[in-house]
Amino acid sequence: MSKVMIMDHPLIQHKIGLIRKVDTGSKDFRQMIGEIAMLMCYEATRDLKLQDVEITTPICTTTVKELQGKKLAIVPILRAGLGMVDGMLTMIPAAKVGHIGLYRDPETLNPVEYYCKLPADCSEREVFVVDPMLATGGSSVAALQMLKDKGVNNIRFMCIIAAPEGLKKMQEAHPDVDVYIGAMDDHLNDHGYIVPGLGDAGDRIFGTK
Ligand SMILES: O=P(O)(O)OC[C@H]1O[C@H](OP(=O)(O)OP(=O)(O)O)[C@H](O)[C@@H]1O
Ligand SMILES: O=c1cc[nH]c(=O)[nH]1
Ligand SMILES: [Mg+2]
């Protein structure tokens with residue numbers, strides 16, 4: 001079974017409290033989504049493997065640590081996942097970025113796919129899929145399946161707010177994917193929105209409502 005890590009860092013909790021507020025405007029909301037993504041990235045990369053390399057300092061030769069293997073990739077689920085990319089890239093500037101376009105049909109709540117563009121060597125990379133919201137789990141489960149269908153197997157999923165329903169669905173469908181969650185909420189309402197949640201993350205990031 002995958003690892004589930006729920007963030008307990010005070011800065012992350014504080015900023016999540018601020019983005020939940022109904023009167024937080026798009027500018028501050030977008031900025032804090034980025035900051036939370038950056039802090040979560042720091043926590044979610046704690047177990048990346050290191051290797052020893054010999055280098056020369058201005059003084060002598062020595063052994064230092066560097067990340068093992070291929071570089072990482074970040075794959076946001078459009079649109080709302082875009083808000084997390086810059087924060088992730090602040091921590092991992094050399095990462096490649098792919099994009100998966102999915103939206104949730106408002107009636108059926110089923111994911112509708114409209115775009116997929118990944119780095120050519122994505123299957124050799126450690127991939128961080130990012131989306132602020134894990135609600136029913138339909139979108140993220142479908143996004144991970146799109147990646148696996150293209151040969152990507154080394155995947156982590158990061159969301160800012162999760163509902164228990166979505167986490168359960170994710171763990172059943174993709175038990176190999178570690179999940180990093182900013183805050184675990186209570187339940188979904190009749191429209192599939194997370195309670196207490198923060199509303200529609202994409203609309204709040206881009207000011208479309
Ligand atoms: O777990 P689920 O029930 O699938 O819901 C979560 C999805 O809903 C939101 O996207 P939305 O469909 O609003 O698209 P948007 O990012 O373009 O606003 C959110 O960003 C997730 O992708
Ligand atoms: O609460 C929710 C559920 C799905 N998508 C969102 O943006 N928010
Ligand atoms: Mg949306």
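Bear in mind that the values here come from a model prediction, so they are computed numbers and not experimental data. First listed ligand is number 1; within each ligand, the first listed atom is number 1.
The shortest contact between atom 7 (C) of ligand 1 and any protein heavy atom is with Ser139 OG, 3.5 Å. For atom 3 (O) of ligand 1, the closest non-hydrogen atom on the protein side is Thr136 OG1, 2.5 Å. Nearest protein heavy-atom contact of atom 13 (O) of ligand 1 is Asp200 OD2, 3.5 Å. Protein heavy atom closest to atom 6 (C) of ligand 1, with residue, atom name and distance, is Met133 O, 3.6 Å.
Close contacts of ligand 1 with Ala80, meaning ligand atoms under 4.0 Å from a residue heavy atom, involve 16 (O), 20 (O). Within ligand 1, the atoms closer than 4.0 Å to a non-hydrogen atom of Leu78 are 16 (O), numbered from 1 in the order shown. Annotation for ligand 1: atoms under 4.0 Å from non-hydrogen atoms of Gly137 are 1 (O), 2 (P), 3 (O). Heavy-atom contacts of Gly138 reach the following atoms of ligand 1: 1 (O), 4 (O) (cutoff under 4.0 Å).
Between Glu35 and Leu11, every side-chain heavy-atom pair lies at or beyond the 4.5 Å cut-off. Residues Ile155 and His174 fail the side-chain proximity criterion, which asks for heavy atoms closer than 4.5 Å. Side-chain atoms of Arg204 and Thr24, non-hydrogen and from C-beta on, do get closer than 4.5 Å to each other.
Among Arg204, Arg104, Lys169, Arg79, the residue whose heavy atom sits closest to atom 5 (O) of ligand 1 is Arg104. Within the set Leu134, Asp131, Leu109, the minimum heavy-atom distance to atom 19 (C) of ligand 1 is found for Asp131.
For His14, the NE2 atom sits in a loose shell: 12 or fewer heavy atoms of surrounding residues, nucleotides or ligands are nearer than 6.0 Å. Surrounding NZ of Lys148 are more than 12 heavy atoms belonging to other residues, nucleotides or ligands, all under 6.0 Å away.
In terms of N/O distances under 3.5 Å, ligand 1 is not approached by Gly202.
Under the 4.0 angstrom criterion for non-hydrogen atoms, Ser140 is not in contact with ligand 1.
Counted by atom type alone, Thr136 and Arg104 present zero donor-acceptor pairs between their side chains at under 3.5 Å. Side-chain polar atoms of Asp178 and Ser2 form no donor-acceptor pair below 3.5 angstrom.
Sorted by chain and number, the heavy-atom contacts of ligand 2 below 4.0 Å come from Arg104, Met133, Ala135, Gly192, Tyr193, Ile194, Gly199, Asp200, Ala201.
Remark: Arg46 is not positioned above the aromatic ring of Tyr180, lacking an NZ or CZ atom under 6.0 angstrom from the ring centre and at most 45 degrees off the axis.
Between the side chain of Asp121 and the main chain of Glu124, no donor-acceptor pair closer than 3.5 Å is present. Panel note: side chain Asp52, backbone Thr63; no donor-acceptor pair is recorded below 3.5 Å.
Summary: OD1 is the N/O/S atom of Asp200 found nearest to the Mg ion (ligand 3).
Taking 2.8 Å as the threshold, Asp203 does not count as a candidate ligand of the Mg ion (ligand 3), since none of its N, O or S atoms lies below it.
Per-atom contact check: atom 17 (O) of ligand 1 touches the protein, criterion being a heavy-atom distance below 4.0 Å.
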